[in-house]
Number of protein chains: 2
Amino acid sequence: MAGRAAVPEVIWARPERTGRGPKPAFTRADIAAAAVRLADAGGLDAVSMRHVAAELGCGTMSLYNYVPRKEDLFELMVDAVSGEHELFEPTGDWRADMLRNARQTKTLMHRHPWMVRLMSGVYGFSPNALRYLEHCLACLDPLEAAAGTKIELVAMLNGCVTTYVSNELSTAERVRSLPWSQEQENAVRIAYLGSQVASGAYPRLAASFLEDAGPIDLDAVFERMLERVLDGFSPRG
Amino acid sequence: MAGRAAVPEVIWARPERTGRGPKPAFTRADIAAAAVRLADAGGLDAVSMRHVAAELGCGTMSLYNYVPRKEDLFELMVDAVSGEHELFEPTGDWRADMLRNARQTKTLMHRHPWMVRLMSGVYGFSPNALRYLEHCLACLDPLEAAAGTKIELVAMLNGCVTTYVSNELSTAERVRSLPWSQEQENAVRIAYLGSQVASGAYPRLAASFLEDAGPIDLDAVFERMLERVLDGFSPRG
DNA sequence: GCGCACTACGTACGGTGTACGTAACTACGA
DNA sequence: TCGTAGTTACGTACACCGTACGTAGTGCGC
């Protein structure tokens, strides 16, 4: 035996308990909850194997019995917050239902700002993610379209929501580890942007700044985006 | 003086050269090119301050004269590849022009797969990013819409392209540091997905798998997505 | 009851970002 | 013209990271 060949693994395919030996001190849910707690409190960078282990009250390396790689820990986290989706009874109005789903996703990402960074990694399909996908498909039953099209709709809607929130929170998550506040960071960036626009090198951009003088209504931008996505899938649209 | 207060900084606002002292051995372009070279060859994880310095042939800490934080290095990289956009003369057909832009973005992200991970961080607006935005606005001159709407269009299109490529490459970038191949990883994930779908817990998802038996035409999915986004902004759409 | 698979976890290694100190150098103010 | 202040260059050092590996204890299946 020249050492077991390295073989890929999906954490969800590995049984949580295998009958033999002492029974585990924690469940996957415990671990995910601890990691989510840390991330909520201190940002994604606060989620290290050592910290999570400490939060659980066990040795660092004991964590590796449950989670073979840190990536798998992230997968647990994504699944845990995917489970926070409220899977309501479809009403028969697919547009309204999907709007509700999308708004829920946004709320959820505001509650867990670090999610956008993990979502862009697309960690396979965890159980709760599959449940949510199935729920969306149920909401889309009234829509007469091919199954593939419906999945494209869900993917595009989720993608747009993620991108939107990512833009919204761009600095918020990043600035945590920095020695200055988000307001300061934003102020500096906006000042630079203003100076560039004022330089005259970007006339159309400058014109756009002059045109929309007032503060931007982010909620309205979000809602418009949703409508546009759904429009793209509405019959005779 | 009790030490300078920490103050945020945008790397683009800091002058590349300040007349005093010996002249720098490298330009920002040199540094960005070195980092991009490393990332192209070995993935984003190969971009460490030490590696970039070695690639340039200087001491690690010398890099910090040019780039105060690693984040700024990323910003340089994003700017460098943003500059790879071909800024063609607008044709007057805004839809065709924007399609061309979007396809170019996709090509560009295929050439630099690590970009998707950086894009989701939204590193402010670098010079080349602003140039590209201005170019898009020029392409949109024929479109009769408010300036804000046009910017929403560009943001949404870019976001969708990024999300799409991110899904497309989800494993490709991640798997680099792992001891197994992308094919193996994909096979295992698909096997798990299949087993879950076959479990009967996700009837609609299962039905969708049965319906689209053949392999998915990714290019067609991409083109459909673009059309849908543009439809959402076309007059009397 | 034996043995094996599992849990638990300490130690250690190679990597990371970067704070800090020192030495050489150059352009500006006097 | 010359000092000196502001740069560049870079070695050392620190705290932290993910995790390979080894060892000890535990409890189920045979």
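Protein chains get the first letters and strands the later ones, always in sequence-line order, with residue 1 at the start of each.
With B:His51 contributing its side chain and B:Ala46 its backbone, the two residues share a donor-acceptor pair below 3.5 Å.
The side chain to side chain donor-acceptor pair (under 3.5 Å) contacts involving residues 192-205 of chain B comprise A:Asp141-B:Arg204, where partners must be two or more places apart or lie in separate chains.
Salt-bridge check for B:Glu9 with B:Arg69: failed, with every basic side-chain N at 4.0 Å or more from each acidic carboxylate O. Using a cut-off of 4.0 Å between Lys/Arg side-chain N and Asp/Glu carboxylate O, B:Arg117 and B:Asp45 are scored as salt-bridged.
If B:Ala25 and A:Lys70 are placed on DNA chain D by their nearest nucleotide, the residue sitting closer to the 5' end is B:Ala25. Sequence order on DNA chain C of the closest nucleotides to A:Glu16 and B:Pro68 puts A:Glu16 first from the 5' end. Annotation: of the two residues near DNA chain C, B:Ser48 and B:Lys23, the 5′-most nearest-nucleotide partner is B:Ser48.
Atoms CG (B:Asn65) and P (D:dG6) sit 16 Å apart, rounded to a whole Å. Put simply, CD on A:Glu71 is 15 Å from C1' on D:dC17, counting in whole angstrom units. Put simply, CG on B:Asp45 is 13 Å from P on D:dG18, counting in whole angstrom units. Across the protein-nucleic acid pair, B:Met49 atom CE and D:dA15 atom P stand 20 Å apart, rounded to whole Å. Atom CZ in A:Arg69 sits about 17 Å away from atom C1' in D:dC17, given to the nearest Å. Spacing between atom OH of B:Tyr64 and atom P of C:dG21 amounts to 17 Å, rounded to whole angstrom units. Residue A:Asp72 contributes atom CG, which lies 13 Å from atom C1' of D:dT19 at whole-angstrom precision. In this structure, B:Phe26 atom CZ and D:dA9 atom C1' are separated by 10 Å, rounded to whole Å.
Heavy-atom minimum distance, B:Val47 versus B:Ala35: CG2-O, 3.7 Å.
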Extract all donor-acceptor atom pairs below 3.5 Å that involve side chains of residues 59-67 of chain A and protein atoms in other chains or at least two apart in sequence.
residue, atom, partner, partner atom, Å
A:Asn65, ND2, A:Ser62, O, 3.4
A:Tyr66, OH, A:Ala25, N, 3.0
A:Tyr66, OH, A:Phe26, N, 3.3

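Note that A:Lys106 lies in the cation-pi zone of A:Phe222, set by a 6.0 Å cut-off to the ring centre and a 45° limit from the axis.
Of the listed nucleotides (D:dG25, D:dG18, D:dT8), D:dG18 has the atom at the smallest distance from the side chain of A:Arg50.
Distances shorter than 4.0 Å separate some side-chain N or O of A:His51 from OP1 or OP2 on D:dC17.
When heavy atoms are screened at a 4.0 angstrom cut-off, A:Tyr66 is found touching the sugar-phosphate backbone but no base atom.
Only A:Cys58, A:Gly59, A:Met61, A:Ser62, listed by number, bring a heavy atom of residues 55-63 of chain A to less than 4.0 angstrom from any atom of DNA chain C.
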